[in-house]
Q: 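Let me begin by handing over the structure; questions about it come next.
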Protein chains: 2
Amino acid sequence: MAFTYEYPRPALTVDAVVFAFDDQDLKVLLIQRALAPFLGKWALPGGFVHMEEALEKAVRRELQEEAGLSNVFLEQLYTFGEPNRDPRGRTVSVAYYALVKLADHRLAAATDARDAAWFGLTDLPPLAFDHERIVEAARRRLQGKVRYQPIGFELLPKKFTLSQLQHLYETVLERPLDKRNFRKKILAMGLLIDTREIQQDVSHRAARLFAFDQKKYQALEKKGFNFEI
Amino acid sequence: MAFTYEYPRPALTVDAVVFAFDDQDLKVLLIQRALAPFLGKWALPGGFVHMEEALEKAVRRELQEEAGLSNVFLEQLYTFGEPNRDPRGRTVSVAYYALVKLADHRLAAATDARDAAWFGLTDLPPLAFDHERIVEAARRRLQGKVRYQPIGFELLPKKFTLSQLQHLYETVLERPLDKRNFRKKILAMGLLIDTREIQQDVSHRAARLFAFDQKKYQALEKKGFNFEI
DNA sequence: TCAAAAGTGTTAACCATACACCCATGC
DNA sequence: GCATGGGTGTATGGTTAACACTTTTGA
């Protein structure tokens, strides 16, 4: 079977930078390539877009197929189209970034490519294609966006402590935050629900667990409220 | 001549939302289509990406060909890839937005398509394809970005008055700004050069003309300075 | 009892906002 | 001399930033 066109067409792919947070570092999901080119090298999950398939749907399919991930926060990042970014020929890639709760996605055995693994964002192996550039663009986007939209919660479990939240922001923003000021500010927004539960199995004073109030945020947002850390 | 591939490929286009400012309104550049589909309808400038041609280069080529524009501020906006956005078949479009100084680009006769015209952003005709969506995305991007990056100057002549600048911001942000506070803030940044010239041919007190100090901005930016209105 | 992290208020500096009149120019 | 926009300062309230000790818990 073959497909013929009057003019040449670039190939079209999608790639995803999937971030997670393990209470220490930001992690990025990589797949070890099973095919040439770059056989054996680590690369971002992604692949060719099917005809009749929306771009975001293609990303979700690839994440499911390659890493068993579903239902993740996903946002378009940038489209990379330099003529020589793929040695197989002209290929344009629409890149997305995703945020996942690590606990929900411990890279189960249910994975097609068992060669999927989390790497520390600051400690990535050399990547295939121009994927280092894509990761860097995603890092900058996340850093810029986390301050003005409540997307940080996508990286934490449903119930989290204020220290976890603060540590997440410190990691993403790459600077320390003052504990009292941070708590004052985030609690003043009124977007956290006190679950009345506390941490279990910690060898020190257990912290309260909070949950992000998505509904309240959406209501406030409509009225012109702007989230900001 | 024909081009054959093992798997089907979407067509790849670029489109541009070109903004200009005429001291009254934001304008958008549109091209009247000379071909089916949507023959005779207004559409964004754009077209097919050549093999071996970077995406941004394709946009610049189309702007030159269709409207005689060159050397404009250009930034990637978003990639639109819904399966049915083009009746000719699956077409993915990488959209850009551009900012031009109206005085420099009075749509000269040097234009291939003489069917290019400026329309008020708030008063656009019905557009071909999903171009209304693309314009709306560009409007939101401009509104969000103008406050944190000094891109507004791309829409003004090299020398401008503070009132022109304020009016531009009021138009883009769709809200009034306080004159004294605006001047205080913008002058405090130290990024405007007083050209020591004044307006000519106005029937009231002539205002001073300022110029944006691009070099100083780039130096400050490296040191962590953040532009903000 | 020690180690580890949780939790809690106040002050001073800075920044954003609100606000009204005189000035220069051309007609 | 009048119409038009240019140009200017201050006071107030709110926001941010700096800062250190006590509490709880498990080992």
Side-chain angles (χ1 to χ4, degrees), chain A residues 21-25 146-148 156-157 159-171 173-212 220 224-229, chain B residues 21-25 146-148 156-157 159-171 173-212 220 224-229:
Chain A
F21 182 64
D22 73 351
D23 281 6
Q24 286 291 122
D25 301 296
V146 80
R147 296 191 51 213
Y148 304 106
L156 291 177
K159 296 172 185 177
F160 50 84
T161 69
L162 292 181
S163 291
Q164 282 180 298
L165 184 62
Q166 181 181 342
H167 194 176
L168 166 62
Y169 273 95
E170 290 178 328
T171 304
L173 298 177
E174 301 179 276
R175 62 187 164 89
L177 300 171
D178 179 89
K179 182 160 66 156
R180 280 177 287 192
N181 292 335
F182 180 80
R183 285 165 183 243
K184 219 182 310 170
K185 192 161 183 175
I186 198 98
L187 290 174
M189 283 192 263
L191 290 172
L192 296 190
I193 299 164
D194 182 346
T195 65
R196 317 277 305 169
E197 294 171 57
I198 58 169
Q199 271 182 316
Q200 301 298 321
D201 303 317
V202 286
S203 71
H204 52 76
R205 177 173 177 179
R208 308 175 88 114
L209 293 170
F210 291 86
F212 178 64
L220 283 175
F225 168 83
N226 283 310
F227 181 90
E228 183 175 347
I229 291 289
Chain B
F21 183 64
D22 72 350
D23 282 7
Q24 285 291 123
D25 301 296
V146 81
R147 295 190 52 215
Y148 303 106
L156 290 178
K159 297 172 185 180
F160 50 85
T161 70
L162 292 181
S163 291
Q164 282 180 298
L165 185 62
Q166 180 181 346
H167 194 179
L168 166 61
Y169 274 94
E170 290 178 328
T171 305
L173 299 176
E174 300 178 275
R175 63 186 163 86
L177 299 171
D178 180 87
K179 181 160 65 157
R180 278 178 287 191
N181 293 336
F182 179 81
R183 286 166 183 243
K184 216 184 311 173
K185 194 161 183 175
I186 198 98
L187 290 174
M189 283 192 264
L191 290 172
L192 296 190
I193 298 164
D194 182 346
T195 66
R196 318 276 308 171
E197 294 173 56
I198 57 170
Q199 273 182 316
Q200 301 299 322
D201 303 315
V202 287
S203 72
H204 52 76
R205 177 173 175 180
R208 308 173 88 112
L209 294 169
F210 292 86
F212 177 64
L220 284 175
F225 168 84
N226 282 310
F227 181 91
E228 183 176 346
I229 290 291

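The structure presented is a predicted model; accordingly, all values stated were derived computationally and were not measured. Just so it is clear: chains get the letters A, B, ... in the order the sequence lines come, proteins before strands, and each one is counted from 1.
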Q: Grab the CD1-P distance between A/I198 and D/dT23 for me, whole Å please.
A: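 Distance check: A/I198 CD1 to D/dT23 P gives 18 Å.
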
Q: Do you know which of B/L192, B/I186, B/I193 makes side-chain contact (heavy atoms from CB on, under 4.5 Å) with B/F210?
A: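 It is B/L192; the other options fail the test.
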
Q: With the side chain of B/R180 defined as its heavy atoms from C-beta on, choose the nearest nucleotide among D/dT25, D/dG6, C/dC19.
A: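 Per side-chain heavy atoms of B/R180, the pick is C/dC19.
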
Q: Output the single nucleotide from C/dG9, C/dT17, D/dG6 whose closest atom is nearest the side chain of B/N181.
A: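 For B/N181, the side-chain atoms sit closest to C/dT17.
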
Q: Measure from the side chain of B/S203, starting at C-beta and using heavy atoms only, and say which of C/dC27, D/dG5, D/dT8 lies closest.
A: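 The answer is C/dC27.
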
Q: Measure CG/B/D194 against P/D/dG6 and give the value in whole Å, please.
A: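 About 15 Å, once rounded to whole Å.
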
Q: A/R183 CZ to D/dA18 P: how many Å, rounded?
A: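 Taking atom P of D/dA18 as the reference, CZ of A/R183 is at 18 Å.
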
Q: Using heavy atoms to find the nearest nucleotide of DNA chain D for B/A206 and A/A206 separately, return the residue whose nucleotide is more 5′.
A: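 The residue mapped nearer the 5' terminus is B/A206.
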
Q: Identify which nucleotide among D/dA17, C/dC27, D/dT23 has an atom closest to any side-chain atom of A/K184, counting heavy atoms from C-beta outward.
A: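 Minimum distance to the A/K184 side chain belongs to D/dA17.
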
Q: Just how far, in rounded Å, is P of D/dA27 from CG of A/D201?
A: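 Going from A/D201 (CG) to D/dA27 (P), I get 9 Å.
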
Q: For A/I229 and D/dA17, what is the distance between atoms CD1 and C1' respectively, to the nearest whole Å?
A: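 Going from CD1 in A/I229 over to C1' in D/dA17 covers 15 Å.
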
Q: Just the rounded figure in Å: distance from C1' of D/dA18 to CZ of A/F182.
A: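 Distance, rounded to whole Å: 17 Å.
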
Q: What residue among A/T195, A/I198, A/L162 forms side-chain contact (heavy atoms from CB on, under 4.5 Å) with A/L209?
A: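 Running side-chain contact (heavy atoms from CB on, under 4.5 Å) over A/T195, A/I198, A/L162 with A/L209 returns exactly one hit, A/T195.
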
Q: Using atom CZ of B/F160 as one end and atom P of D/dG6 as the other, report the distance to the nearest whole Å.
A: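 Value for this atom pair: 14 Å.
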
Q: Please tell me which of the listed nucleotides, D/dA20, D/dT16, D/dT8, lies nearest to the side chain of B/K179?
A: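 Among D/dA20, D/dT16, D/dT8, the one nearest the side chain of B/K179 is D/dT8.
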
Q: Between B/M189 and B/I229, is any pair of side-chain heavy atoms under 4.5 Å apart?
A: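 Sidechains of B/I229 and B/M189: in contact.
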
Q: Parallel, tilted or perpendicular: which fits the ring planes of B/H167 and B/F21, with parallel below 30° and perpendicular above 60°?
A: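 Plane angle over 60°, so perpendicular.
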
Q: B/K185 has a side chain; which of D/dG7, C/dA16, C/dG7 sits nearest to it?
A: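 From the listed options, C/dA16 comes nearest.
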
Q: Rounded to the Å, how far apart are B/R205 CZ and D/dT4 C1'?
A: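 Computing the B/R205:CZ to D/dT4:C1' distance gives 12 Å.
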
Q: I'd like to check B/S163 versus B/R183 (side-chain heavy atoms, cut-off strictly below 4.5 Å). Are they in contact?
A: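 Yes - at least one pair of side-chain heavy atoms lies under 4.5 Å apart.
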
Q: Mapping B/H204 and B/E228 onto DNA chain C by nearest heavy atom, which one lands closer to the 5' end?
A: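 Per heavy-atom nearest nucleotide, the more 5' residue is B/E228.
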
